[in-house]
Structures are given as structure tokens and as C-alpha cells.
Amino acid sequence: MTQLSVSDLSFSYPDGTEVLKQVSLAISPGERVGLLGPNGAGKTTFVLHLNGILRASSGTISLGGMTLSDQTLREIRRRVGLVFQDPDDQLFMPTVFADVAFGPANFGFPPEQVEHRVKSALESVGEWHLADRAPHHLSGGERRKVAIATVLASDSELLVLDEPTSNLDPAGRRELVALLSLLPTTQLIVTHDLPFVFELCPRSIIMDGGRVVADGPTGELLSNRQLLAAHRLELPFGFDPTNIAPR
Amino acid sequence: MHVPDGFINVATAAGAGVVAVSGLGASLRRTGRDLSERQIPFAGLTAAFIFAVQMLNFPVAAGTSGHLLGGSLAAILLGPWLGALAVAVVVFMQALMFADGGIVALGLNVLNMALVTALVGWGVFRSVMRVLPRRSSAVMIASMLAGATSVVASSLSFVFQYAIGGEGGAPLQSVFQAMVGVHSLIGIGEGVITAVAVGAVLAVRPDLVKGVSDLQLPRLATAPSRKSILAFVTGGLAIALALVFLVAPLASGAPDGLERVAIDNGFIESAQEHPLGGPLADYSVSGIENEQTGAVLAGAIGVGATFVAGLIAATILRRRRSA
Amino acid sequence: MSGGHAHALHFHGHSPIHRLPAAVKLVGLLAFVLAVVATPAGAVWAFSGYTVILMVLLVLSEVPARFFLTRLAIDLPFIAFALLLPFVGEGPRVELGPFAVSAAGLLGAWNLIAKATLSAGASVLLAATTEVPDILAGLSRLRVPAVLVAIASFMIRYLEVVAGEFRRTRIAMAARGYKPRSALDWKPVAVSAGALFIRSFERGERVYQAMLARGYDGNWRTGAHEPITRSQWLAGLLPGIVAATIMLASRLL
């Protein structure tokens, strides 16, 4: 069984610009997959399709066997937890507690369960003590973790993270690696941060110009200098994936 | 503009409260289901934007400054109903979070600063757009006039409330003169900032300007030039001076309007240092003894003059541009 | 505009007044201020009574007097204005030291200063003892339409974000030598305001997507309210009731 299956997904803006061209991919339950690509490759647009915020001109998306349609939209949105690039967009309520409670309340969990879910989601990212704080007063790393808790609280099956390491300091980044590697949920991590993906994801997909251009073990893709150069991806100076044993 | 408690009696404040609540109710009905389905975050972000911009002081004339009210800006960008709601929320929370503006006076403040500015601003903007050819420059002119008129209308709304239930002990005539005088000056700033801000949005995201959503406008190539601002400012200053001098002859043996306006602007200046922005800045008096009907008449003339003079300035400007 | 703006007036504490439900405090505030404003200016004793009530509440709240008074400074520009009234008021004059001032203006000034200060004091006390999210919850409990509370909550959440963006823009402008001197220098400020609006609005678009992603369907759901007990209502409204009694007495006497 596949957790996420996307076939022939295409999308154009109203002005005719094609952003996604027949994207197909499948992810199995429990997998952690990196989605790489240069700016403008269509990664964020693709991600917004996964829970139906953008609707494709053609193609299908299904999650654990449920195909995305008007009837299943709500359930799909509960199952796909989208963590946005800027936690200030994701955390829009005046307190951390209210924010984490937003999803479960909308998905119809009864009030006493909502409270329980908020608590366990915040505990699983190690930030329950922040519940009464205002999101604005948190550090970058805390915001990122709380943002992840907001989707965990709704029992998401697929966690989609858009540029999770942006604006994180090295310690925050390391804590994020530790947290994500412990979460059992299926994860799709969209990023340019190649070492991050190398550390976390056994498999990666490269997207460019609205197409999937490569899909394979992360170590192999990152060792292919020609492939990386062709798609404006670069390893940090001195980083050699062939010298490091992947997890 | 934030009216504190004690300035207007309870009955008048309560009356204004009823009007404000009905106005907000009407706005909620007009925005309808669309508001809760889609527009809450936009209205909320706009409210935050207006709150932030109200902390921005701009120079009015040598050494003095004022700050934006933002009602007409919100109306042009979001439409009158949503715009009024956003500014009302700003006013409401300023009173509860910062003790800025009275509690019983909340109705007065919501009426003056949110409903009157948004509705008058929108009305002026749309009427001017109807008259002028549909060009981007017309949007600027219309925004300028909307901004300026809305501020003066807001001050007139306060004078009206003061006439009904004022408890300050200052003669209506003086209150009228000082309020309208100062706000004509503030109105120029409001007008220019509204126009340039709308122009800036129009240049990048014309789809975000509700006020022109149904008009076919060519895309604005660049932000407005310094010359056009010079014309706006000169025109606006002329209007303000004309206003002050129109009303000044009514004065007798008391500090004149200009002098008092300067004192008020001194208040504005000192309020600039205030950590919470520039509250309570723009009330004033000047000692003139006169009958009340004259005041109302002069008010009407004043607003009319602002409007007409602005239009003339705008027309001259357009001619020069096309020439 | 320092950091922590959204909490500028809050003083963290656990006093009985801090613990009262926000809805009760809001109603209490309104009752108190209504009484103050409805009192005839001449009833000086009544205003002393209100001051005593406010001072008792201040002591109970454990908010330091210094904190309270500096926050009350919001009233200052207004007092400066009120002090002008005796000089510009009309009608019979009274001697006040070396000046002959208007009796009506003098009363007007007193009326304004007393009422505005008491009202602002009560508001500062509410803001000092109530977290902003609790104020919002209180408003929603008092049946303020959910969409308005929602707009307010977004406004509060993003106030510092937007103000921070604005501040950075202005610093960037100052760094390149921009210093507004005259009216002609408005343009960069206004253009930056326009740019800020676009950024705010685009953030609104992303926030909206984030709301949809977490199942938002057009119904703003507020959390369950904790029940308010009768004794909490009574405690919260007591100052207002006492003030109303004083007010009635002042009008009848």
C-alpha cells in the first residue's frame, strides 16, 4: 500500500503559465522523503496541491487509498499536515495553545479531546511549557517545533514540511533533525538544504521546471555532480556525501 | 482623534454607540458570508497594518507632524464595509489594550474614526472616479481627495457630537474652528499618504485595490513623481490656509486660529515621543465667541472648498502632465 | 515602539483581580466608567469616592503604583489641553490667582480631567491585569460577533510582525540617508506604507492557506468558556455598583 500517490498532476496559473507538468510519485507509509529543487521549480505549488488548497487542472492525488475530491477534501486536509515555510504564517493565533487547538477544533474533535490532543502534540515536540505564550515571543526553533505540533495535533498521516531549516540557527537545526528522526509519521521534506536531507531522508526526489527529474536514494543523487549542477543544487563547501555514512 | 471619557455626555455617547453598533452590524451584513469564509485574515492583517501605520508620524509643516487615521485607505483597499470593520477593531482594541480613547466614548470613536472615515472616503473616491477619466492618475487624485475629506469629515462628526452633548465648557465655535483647522492640515498629509500608498499597491498588485476592482485601468508604470506630490501639497496647503482665513475673521479679540493650530501641532509633536504612538493629539480650542449656526455653515463651506480646490489642483496637474 | 508592544500595559501577576474572568472585568469597567461620566462635574465628593475605589482596586491588583502612573501618562497631552479651557471658555469670569478665567471653562477643565483620568485609570487597570487573549475571550463571551473577535485576534497576533517589518524598512531607509524634513519628503514613507500593505496582505493570503490546511471551513470556533460563578460576577461588579450608587446620590443631592 502507498501512503501518498500522485499521478499525472498538472497545474497552470490563470494566465497560462504551466507550473506543474504531469508530476507522478508515490511514497510508502513511514518513509521520509526529501523533495529538492531550485527556486521556482514548483515545489511549493506542488505541496499546496497535496491537501487541496490548490486544485490541479488534471491528475489525481490519493492518500492511503482515498482520492482527493470535494467530498474527501476535509478528511484529506486532516490527514496531510502542512508545515509552512514561515512559522509566522502557520502560527496565526494569539497563543500557542489556541493555535495548536485550531486544527483539532475545526476537524470536529470534542472539546475535552482537543485539550488532550494539544497537550500531547506539544509534549511530543517537547514544548508543552510554551502553551500560554504568544507565538511572537518564541525563538525560531521553538516556533518551528510548535508549527509541527499544530499539525501533529490533528493526527496527520503525512507530514509535509516546506523549507523547515530556513531561519534556524545551527542548534535549532540539530534539534529539528532529532525531532523529525524520532517522529514515526511519513514525511515529505521540501528544501534546498542538502546535508539536512542527507541526514534525514534515505530517498529524495528532484523537481525542476515543474517536472520530477530524478527519484532515488539520497546518497546517489547527491553524489551525481552533473545532476546537481543541471538543477542549480549545490552541496556546501567541503561536504562530500561519499565520505559520510548515511543513517 | 481618540475622544476620552468626559468630553461628551453619557446620553450622546450612548446614542453614538447605538449608531456605531448599527453601522458595524450593517457592515457585517454587507460583507456577509464572504467575511467569515475568506476575509478574516485579510481584515486582521489590514487592522495590524493600520495600527502600525498610525504609529508613523509624518511632517506636516516646519517642525510639526501628524499621523495617519487610515480609514479611507482601508476603504479604498478593502471596500467600505470591510475597511470600516478593520479600523473599528483597531479603535476598539486601542481603548482596551492601551487605554487610548474612552470606554463610554468607544461608540463616538468608532463612529468618527472608522465608520465616517471609511464611508466618506469610499464615497468621495468612487464619486471622483466616476467624474475623472479612468486612468491610474485619476486613482491617485481620487485617493488624495478621499483621504483629505475623510479626515475633515471625521473632525466634523466630532464637532457635531460636541454640539449635542459637549461637556468641555469651550464654545462650539472654537471647537469647530480648531478641529476643522487642524484636521484640514492633517487631511493633506492623510490625502497624500493615502494617494501614494494606493498608488504603490496599484503598481504592484492592482488586484488588491478593491476600489478599482470593477474599473478597467491600465497598469500604473511607476510610483507617482515628486512633482505630482508637490502639486498635491501646494494645493492642499492653499486649501488649508484658505479655510483658516475664511474662519479667522469670525474671531474677535482672542488668539487666532493659526496660532492655536500651532499649539495643537505642538501637542502632536509631543505625542510623537509617546511610547504608544500619537494619541489624544488633535483637540484644541481657540477663544472666539460666536453663534453656532455660522459654525455649521462654515463647516459645510470648508469641506466643499477642500473638495473643489483639490479637484482644481488635480485638473491643473493633469493638464500639465498631458501637455 | 519597543519589543513586547502587544503587552505594553500588562503587568504579570496572580492577584484576585488578575484571576477574575475577563468578561466580568469588562462589564465592571463599563459600569464604573458609565457612573463616572454620568456624574455632575460639581460633585467633587463623588469623584473623591471614585478615586478611593480605584485606589483600593489598585492595591488589590498588586500592580505597582509607579507602573500604573506611568501607563496613565497616556492622559497627559489631554490634561495639557484641558488646562487651556478656563482661558478660552465664555461666560462670567472668576478670579484665579492673577487671572480672570471663565467659570464655565474652569468647570469644564475639572470635569474633563477628573472623568478622563478616572476612566483611563480604570482602563489601565483592566489592561494591566488581563492578558490580551483573555480580553478577546471575554469579548467573545459577551457576545461580540465571532468574526470581529477573530479580526482582533489576527490584528494582535500580527501587530508586532507588521510593525517589525515597518521598522526594518524605515531603518533601511535611514541607513541610506533618508531623513524626512518637509512635506515633500512624504513620498518614501507613503511608498513604504504601500509596500507594507502589500506584504501584510500577502501574508494574509498565506495565513488563509494555513487556516484552510488545518480544516478551516468558514466557521470561527472559539474554545469552550470556563463557567463564571455568581460570586465572581458579584466581586467584579461591586466597584461598578458602588460607583453607580455614588453617581445616583450625586445626581439626586
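A, B, ... follow the sequence lines: proteins, then strands. Residue 1 opens every chain.
- Both the backbone and the side chain of D88(A) come within contact range of chain C, with heavy atoms under 4.5 Å apart.
- For chain C, the nearby part of D86(A) is the side chain; its heavy atoms alone come within less than 4.5 Å.
- Of the listed residues (D132(A), L73(A), N51(A), T95(A)), the greatest number of heavy-atom pairs within a distance under 4.5 Å of chain C belongs to N51(A).
- Highest contact tally toward chain C, considering only S154(A), P135(A), P104(A), is held by P135(A) [criterion: heavy-atom pairs under 4.5 Å].
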Quick one: do E18(A) and S12(A) satisfy side-chain hydrogen bond (donor to acceptor under 3.5 Å, both in side chains)? Show the steps, please. CA-CA 4 Å; E18(A) 266 191 298; S12(A) 313; 4.9 Å; no
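- For the side-chain contact (heavy atoms from CB on, under 4.5 Å) test with L82(A), the passing option among V151(A), I53(A), L188(A), D162(A) is I53(A); the others fail.
- A 4.5 Å side-chain heavy-atom check between I61(A) and L4(A) finds at least one atom pair inside the cut-off.
- Taking A98(A), A101(A), A105(A) one by one and counting their heavy-atom pairs under 4.5 Å with chain C, the maximum is reached by A105(A).
- K119(A) pairs with exactly one of E115(A), H116(A), E123(A) by the side chain to side chain donor-acceptor pair (under 3.5 Å) rule, that one being E123(A).
- The candidate from V80(A), L91(A), V114(A) with the greatest count of non-hydrogen atom pairs under 4.5 Å with chain C is L91(A).
- Proximity of V33(A) to T186(A): side-chain heavy atoms (C-beta onward) are nowhere separated by under 4.5 Å.
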Would you sort out whether E165(C) and R203(C) count as a side chain to side chain contact (heavy atoms under 4.5 Å, CB included), showing the intermediate values? CA-CA 12 Å; E165(C) 283 175 0; R203(C) 187 182 291 283; 3.1 Å; yes
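- When each of A210(C), G204(C), A150(C), S153(C) is checked for heavy-atom pairs under 4.5 Å with chain A, A210(C) comes out on top.
- When heavy atoms are compared at a cutoff of 4.5 Å, F92(A) approaches chain C by way of both its backbone and its side chain.
- Side-chain atoms of E62(C) and I17(C), non-hydrogen and from C-beta on, never get closer than 4.5 Å to each other.
- With a threshold of 4.5 angstrom between heavy atoms, D99(A) approaches chain C through its backbone and through its side chain.
- For R78(A), no part lies under 4.5 angstrom from a heavy atom of chain C.
- Proximity to chain A (any heavy atom under 4.5 Å) is shown, for Y208(C), by neither the backbone nor the side chain.
- Contacts between L48(A) and chain C at a heavy-atom distance below 4.5 Å involve the side chain alone, from C-beta outward.
- Using a 4.5 Å heavy-atom cutoff, the side chains of S200(C) and Y158(C) are not in contact.
- Contacts with chain C were tallied for M93(A), R74(A), Q85(A); M93(A) has the most, counting heavy-atom pairs under 4.5 Å.
- To the nearest 0.5 Å, atoms CG (L63(A)) and CD1 (I76(A)) are separated by 5.0 Å.
- Both the backbone and the side chain of T150(A) come within contact range of chain C, with heavy atoms under 4.5 Å apart.
- Proximity of V190(A) to L36(A): side-chain heavy atoms (C-beta onward) are nowhere separated by under 4.5 Å.
- Between chain C and the residues D89(A), L54(A), L50(A), the largest count of heavy-atom pairs under 4.5 Å involves D89(A).
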